[in-house]
Asks: 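Before I ask anything, let me first share the structure, which is written out below as structure tokens.
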Amino acid sequence: MKEMHKNNIALPAKRWWYLMPVIFITYSLAYLDRANYGFAAASGIEKDLGISHATSSLIGALFFLGYFFFQVPGAIYAVHRSVRKLIFVSLILWGFCATATGFVTNIPMLMVIRFILGVVEAAVMPAMLIYISNWFTKTERSRANTFLVLGNPVTVLWMSIASGYLIDAFGWREMFMIEGAPAVLWAFAWWFLVRDKPSQVTWLNPEEKRVLQNQLDEEQKNIKPMRNYGEALRSKKVVMLCFVHALWSVGVYGFMMWMPSILKMAATIDIVSVGWLTAVPYFAAIVTMLLVSWLSDKFQNRKVFIWPLLMVASITFFGSWLIGSQHFWLSYGLLVLAAACMYAPYGPFFAFIPEILPKNVAGVSMGLINCCGALGAFLGAWLVGYLNGLTNSPGASYTFMAVSLLMSVIVMFYVNSSGDNEADAGKVKLMLE
């Protein structure tokens with residue numbers, strides 16, 4: 001069965017079945033190897049290596065510092081050379097780095113490995129977004145991006161449970177060793193299954209390739225090309241989207257990295273129970289991401305599915321802090337809602353970028369925007385862990401994440417013209433009614 005688009009052009013639906021499982025698994029493995037440090041921090045790595053709370057928060061965040069520096073170079077390589085080759089090498093290198101974390105014997109060694117892990121994973125997100133833009137049209141892109149980003153909450157969901165059991169049965173070292181190996185093995189499956197562009201595959205016939213390429217070219221006709229990367233990276237739209245993603249990522253990664261420690265601090269429970277409780281917000285995130293991406297493609301309005309949800313996330317973070325650990329389950333329920341609303345806008349957000357920027361600079365612009373997201377992730381992962389250790393309470397970190405998300409809402413609301421913003425506000429009101 002084929003998907004029908006305007007002008008009765010039929011696009012091959014088989015792309016979803018051939019590409020999405022590979023994209024999803026690849027990005028899932030990246031998240032597995034970056035997020036499991038939070039479980040090690042909650043289960044003994046600090047005591048075993050003599051790590052202070054402040055140093056532990058820095059180590060957890062160092063991944064994102066390496067991630068920050070190599071986003072744009074990775075995006076440039078993906079645009080001009082090959083996504084396939086780039087991801088193949090990255091898979092092997094980050095799998096070895098993740099496994100090597102289980103062998104560390106001192107703090108400097110751990111710091112170096114976490115930083116290198118960020119470097120070798122840096123190109124994954126922009127390269128995957130570029131890959132999706134080569135295969136899926138405007139009316140499909142929010143859903144396609146969502147299947148990519150679903151690798152985050154789906155992986156953290158099962159990883160939270162699996163890591164809890166692995167640490168309980170073996171220890172934090174064995175957890176890193178076991179969870180790092182799949183990336184190396186998957187690299188060879190990736191190389192066998194993936195080609196960079198539709199013209200290179202054998203499972204589409206010539207007519208299907210022509211129809212798909214014509215549709216992708218048609219979408220770019222009304223977007224004026226920019227002269228060079230410098231013009232794109234200095235544009236107001238790109239700068240504002242960089243700020244949005246940076247502030248948004250403070251909340252997402254502060255939550256993701258330190259949720260196990262926050263739960264253990266708020267309630268006296270064992271590491272297996274922490275794993276199960278940590279998994280629930282990501283299940284809620286999966287459901288909302290799928291729903292929001294479908295609505296975004298249906299209504300073809302991206303912003304209305306971005307800033308209102310981030311506003312709800314900000315309010316619920318702040319509400320969870322106000323309620324406090326005295327009412328643990330109500331506070332926890334608000335955290336679940338916050339997670340769902342933080343993750344839900346990813347599909348529309350990354351579909352929005354290539355719709356407002358010309359193709360000749362969209363890939364590198366996405367690299368820069370994600371690069372700024374990595375900087376926000378570094379600050380979130382570091383400062384949330386630092387504030388938790390400094391105050392021995394999650395209250396200050398909740399407030400920090402809530403304020404960052406609120407600031408991202410304000411900036412996102414003003415991306416493009418005020419007329420667009422008024423239309424967005426009207427659509428939100430209409431949907432609520």
Side-chain angles (χ1 to χ4, degrees), residues 3-6 11 13 15-16 19-20 23-24 27 125 128-154 215-216 219-220 222-223 237 240-241 244-245 248-249 251-252 282 284-314 337-357 362 365-366 369-370 373 405 408-409 411-417 419-433:
E3 299 178 18
M4 300 301 297
H5 289 249
K6 61 184 180 180
L11 297 177
R15 291 166 301 145
W16 294 91
L19 302 177
M20 277 301 128
I23 290 170
F24 174 80
Y27 201 56
M125 183 66 167
M128 286 297 200
L129 291 169
I130 292 164
Y131 186 68
I132 285 172
S133 69
N134 289 335
W135 282 89
F136 294 93
T137 65
K138 179 179 178 180
T139 57
E140 306 167 314
R141 213 165 279 145
S142 181
R143 283 169 291 157
N145 289 339
T146 293
F147 278 107
L148 165 66
V149 183
L150 271 175
N152 178 334
V154 170
Q215 185 76 9
L216 293 169
E219 293 173 0
Q220 286 288 312
N222 295 323
I223 304 177
K237 291 177 183 178
M240 293 180 78
L241 290 172
V244 170
H245 200 213
W248 178 4
S249 295
V252 171
Y282 296 101
I286 292 164
V287 174
T288 53
M289 285 177 75
L290 290 170
L291 176 62
V292 166
S293 67
W294 178 78
L295 290 171
S296 172
D297 279 343
K298 179 178 175 63
F299 290 102
Q300 281 298 295
N301 184 291
R302 308 304 186 188
K303 287 170 61 182
V304 76
F305 295 103
I306 301 172
W307 64 263
L309 289 164
L310 295 179
M311 182 179 289
V312 173
S314 174
L337 180 58
C341 291
M342 279 194 301
Y343 279 96
Y346 272 118
F349 181 76
F350 285 112
F352 182 60
I353 298 167
E355 290 172 9
I356 62 171
L357 294 171
S365 298
M366 284 191 285
I369 292 164
N370 208 48
L405 287 166
S408 74
V409 169
V411 179
M412 187 67 208
F413 189 76
Y414 286 100
V415 174
N416 279 0
S417 66
D420 289 340
N421 297 323
E422 290 169 5
D424 286 349
K427 289 187 178 182
V428 171
K429 183 179 178 182
L430 181 63
M431 283 189 285
L432 289 175
E433 290 172 352

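Note that the structure is a prediction, hence the values are computed from the model and not measured. Computed over heavy atoms, backbone and side chain alike; hydrogens, waters and symmetry mates excluded.
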Asks: How close do M289 and T146 get, counting heavy atoms only, and between which atoms?
Replies: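 Closest pair (atom of M289, atom of T146, distance): O-CG2, 3.5 Å.
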Asks: Nearest 0.5 Å, what's the CG-CE distance between L309 and M342?
Replies: 12.0 Å
Asks: Grab the two heavy atoms, one from S408 and one from L310, that are nearest each other, plus how far apart they are.
Replies: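 Scanning both residues completely, I find the closest heavy atoms to be OG-CD1, 3.6 Å.
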Asks: Atom CG in L19, atom OH in Y131: separation rounded to 0.5 Å?
Replies: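 Taking CG in L19 and OH in Y131, the distance rounds to 4.5 Å.
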Asks: Please name all residues satisfying side chain to side chain contact (heavy atoms under 4.5 Å, CB included) with A144, sequence neighbours left out, ordered by chain then number.
Replies: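 A144 satisfies side chain to side chain contact (heavy atoms under 4.5 Å, CB included) with W16, M20, I132, F136 only.
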Asks: Would you say the side chain of Y343 lies within less than 4.5 Å of the side chain of T288, judging by non-hydrogen atoms?
Replies: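 A side-chain contact is absent here, since even the closest heavy-atom pair is not under 4.5 Å.
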Asks: Quick one: CG on L129 to OG on S365, what's the gap to the nearest 0.5 Å?
Replies: 12.0 Å
Asks: Once you round to the nearest 0.5 Å, how far does OG of S296 lie from CG of L291?
Replies: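 Answer rounded to 0.5 Å: 11.0 Å.
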Asks: Shortest non-hydrogen contact from F147 to F24?
Replies: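 Where F147 meets F24 most closely, the heavy atoms are O-CD1, 3.3 Å.
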Asks: How are the rings of F350 and Y346 set to each other: parallel, tilted or perpendicular (split at 30° and 60°)?
Replies: parallel
Asks: Do any N or O atoms from the side chain of E355 and from the backbone of F352 form a donor-acceptor pair under 3.5 angstrom?
Replies: no
Asks: Which atom names give the shortest non-hydrogen contact between V292 and P348, and what distance separates them?
Replies: CG1-CG, 3.8 Å
Asks: Of all heavy-atom pairs between M412 and L241, which one has the smallest distance, and what is that distance?
Replies: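 Shortest heavy-atom contact: SD-CD2, 4.1 Å.
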Asks: After noting the C-alpha distance and the side-chain angles of M125 and Y27, does the key distance pass the side-chain contact (heavy atoms from CB on, under 4.5 Å) rule?
Replies: CA-CA 8 Å; M125 183 66 167; Y27 201 56; 3.2 Å; yes
Asks: Below 4.5 Å, heavy atoms only, C-beta onward: do K237 and I353 meet side chain to side chain?
Replies: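 No; the side chains remain at least 4.5 Å from each other.
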Asks: Would a distance-only check, ignoring hydrogens and angles, find a side-chain to backbone donor-acceptor pair under 3.5 Å from N370 to M366?
Replies: no
Asks: How far does CG of N301 sit from CD1 of I306, to the nearest 0.5 angstrom?
Replies: 8.5 Å
Asks: Evaluate the side-chain contact (heavy atoms from CB on, under 4.5 Å) criterion for residues L405 and W248: first the C-alpha distance (whole Å), next the side-chain angles of each, then the deciding distance (0.1 Å), finally the verdict.
Replies: CA-CA 5 Å; L405 287 166; W248 178 4; 4.0 Å; yes
Asks: How long is the gap from NZ on K298 to OG on S142, to the nearest 0.5 Å?
Replies: 14.0 Å
Asks: Apply side-chain contact (heavy atoms from CB on, under 4.5 Å) to L290 and L150, showing your working.
Replies: CA-CA 9 Å; L290 290 170; L150 271 175; 3.5 Å; yes
Asks: If every non-hydrogen atom of S249 is compared with every non-hydrogen atom of G373, which pair is closest and at what distance?
Replies: CB-O, 3.1 Å
Asks: Could you name each residue pair satisfying salt bridge (charged side-chain N to carboxylate O under 4.0 Å, His left out) that touches residues 287-297, not counting sequence neighbours?
Replies: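 As it turns out, the salt bridge (charged side-chain N to carboxylate O under 4.0 Å, His left out) pairs with a partner in residues 287-297, which skip direct neighbours, are R143-D297, D297-R302.
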